[in-house]
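Following: one structure in C-alpha cells, then a few remarks.
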Amino acid sequence: MLAGELRAAHGRARTVRDSAAAALHYHHGWTFTQLCTVIHGRPNKVAAVREAVEKAARTRRTSAARAEEALLLAQHDVRELWALYKRAKALEAAATDDGAGPDVILDLPSEPRALISTAAAQLRDVSCQHADIVQRRNRAAAALTVHAGWSKRQAAGLAGAAVRDLYPQERTAVRGEAEPHLVAGLAEEARQLDAWRAALIQARDGAIRELSATVGPAELARLAQVSDERVVQIRDGKADPE
C-alpha cells in the first residue's frame, strides 16, 4: 500500500512539475531543450519533455522566477518520491520473497564446539546492533509522523515496523530525523541484521543438534550461552523465537 501511495504522490509531483514547465514555455519562451536541461540535467529527453508540456494543464500567468522555482521544487519532489517508491518496492519484495532474507556469509569455524561458542559471541553483538538500529528506525519513523505529516501507517510501512512500535518514540522524535531516506536506510540495516541473526541461530542450532547425542544439555548451554531448556528445545526441534 505504501508503494502505491508513493507512486501516486510521484505522479502528482510530475503534474505540478509539468505545469510549471508549461508556464515557462508558453509564458516566458523557454525552449524544450532548456526545460529538459533543468529537469534532467542534460538535453537527452527533449521529446519526452515536449510531450509532457503539451499535455499539461495551462496555468495562470506568473513570473518567470516563480515558475522556475515551482519547477525546481517539483522536480526535487519527483526524484525523492521515485527513489522512495523504489526502496518501498524493494522492501516489499524482500518481505514477500517466501520469507527469504538477504544473503549472509558467515565466518564460523567448522568444528561444532567452536562453532557454537563463536556463533554465541556473534549473536550477542548482532543482537545489540539490531536493538539499536530498530530503536533508531522507529524513532525516525515517528519523526515522520510528528514533523513531516506522514500517517503512522505510512511511516510504519516504510520502516517495516508495526504502528504500535512508533508510539513510544513520538515524545523523543526530533525534526532532523524526519527524513524518509533515513527511515528506509535504517529499515534495510535492520533487515540485514535480522538475516544475519537468523543465519547464526540456524548454524548454532545445527551444531547443537549434531553434538546432542554425545554432549549433555548443560555443556551445550554453556557453549551457546543459553538455558538448558532452550538446548532441549533445539535438540527436539521445537520452535522458540529468540
Side-chain angles (χ1 to χ4, degrees), residues 1-19 39-40 52 70 72-105 123 125-202 239-242:
M1 292 177 65
L2 176 64
E5 291 171 356
L6 289 168
R7 184 64 182 264
H10 173 262
R12 291 192 294 271
R14 286 190 62 174
T15 298
V16 173
R17 180 199 68 190
D18 295 344
S19 294
I39 292 171
H40 298 293
L72 293 173
L73 288 173
Q75 178 59 17
H76 172 77
D77 289 344
V78 166
R79 288 174 177 160
E80 288 289 297
L81 287 165
W82 185 251
L84 286 171
Y85 166 74
K86 290 194 293 185
R87 297 189 79 162
K89 289 295 288 183
L91 289 171
E92 176 187 332
T96 58
D97 187 18
D98 298 325
D103 292 334
V104 177
I105 300 176
L123 267 171
D125 293 341
V126 170
S127 295
C128 288
Q129 292 178 50
H130 182 264
D132 177 63
I133 291 295
V134 166
Q135 183 179 20
R136 290 173 55 199
R137 178 201 69 188
N138 293 348
R139 187 174 66 238
L144 289 177
T145 70
V146 175
H147 300 294
W150 285 52
S151 71
K152 289 184 175 63
R153 183 179 59 78
Q154 289 174 322
L158 184 62
V163 169
R164 64 177 178 274
D165 297 332
L166 273 55
Y167 285 100
Q169 304 295 334
E170 288 181 325
R171 295 182 63 183
T172 57
V174 297
R175 187 177 298 276
E177 292 183 330
E179 291 289 343
H181 286 293
L182 172 62
V183 176
L186 291 170
E188 178 62 21
E189 286 188 59
R191 195 170 72 88
Q192 293 281 351
L193 289 168
D194 270 332
W196 191 4
R197 191 167 178 272
L200 286 168
I201 290 173
Q202 183 178 22
D240 181 23
E242 298 190 24

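Computed over heavy atoms, backbone and side chain alike; hydrogens, waters and symmetry mates excluded.
- The main-chain N or O of L72 is never found under 3.5 Å from a side-chain atom of Q75 such that the two would form a donor-acceptor pair.
- A search for salt bridge (Lys or Arg N to Asp or Glu O under 4.0 Å) contacts involving E170 returns K152, not counting sequence neighbours.
- The distance from atom CD1 of I133 to atom CG of D194, rounded to the nearest 0.5 Å, is 11.5 Å.
- Here the NZ-CG distance, from K86 to L81, works out to 12.5 Å after rounding to the nearest 0.5 Å.
- Scored by the side chain to side chain contact (heavy atoms under 4.5 Å, CB included) test, A143 finds H147, A173, E177, A178 as partners (sequence neighbours excluded).
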Please step through side-chain contact (heavy atoms from CB on, under 4.5 Å) for the pair L158 and W150, ending with a clear verdict.
CA-CA 10 Å; L158 184 62; W150 285 52; 3.8 Å; yes
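- Heavy atoms only, all atoms of each residue included: A187 and A159 are closest at CB-O, 3.3 Å.
- Note that NE2 of H10 and OH of Y85 are 10.0 Å apart. Values are rounded to the nearest 0.5 Å.
- T145 approaches A155 most closely through the heavy-atom pair CG2-CB, 3.7 Å.
- Rounding to the nearest 0.5 Å gives a distance of 11.5 Å between CD of E188 and CZ of R137.
- The shortest non-hydrogen separation linking A141 to V183 is N-CG2, 3.7 Å.
- Residues satisfying the side chain to side chain contact (heavy atoms under 4.5 Å, CB included) criterion with V126, sequence neighbours excluded, are L193, W196, R197, L200.
- Not counting sequence neighbours, the partners of A162 by the side chain to side chain contact (heavy atoms under 4.5 Å, CB included) test are R164, D165.
- We find the CZ-CG distance between R17 and L73 to be 13.5 Å, quoted to the nearest 0.5 Å.
- The side chain to side chain contact (heavy atoms under 4.5 Å, CB included) test applied to Q169 returns Q135, N138, R139, A142, T172, not counting sequence neighbours.
- The side-chain hydrogen bond (donor to acceptor under 3.5 Å, both in side chains) check on H181 picks up E80, with sequence neighbours excluded.
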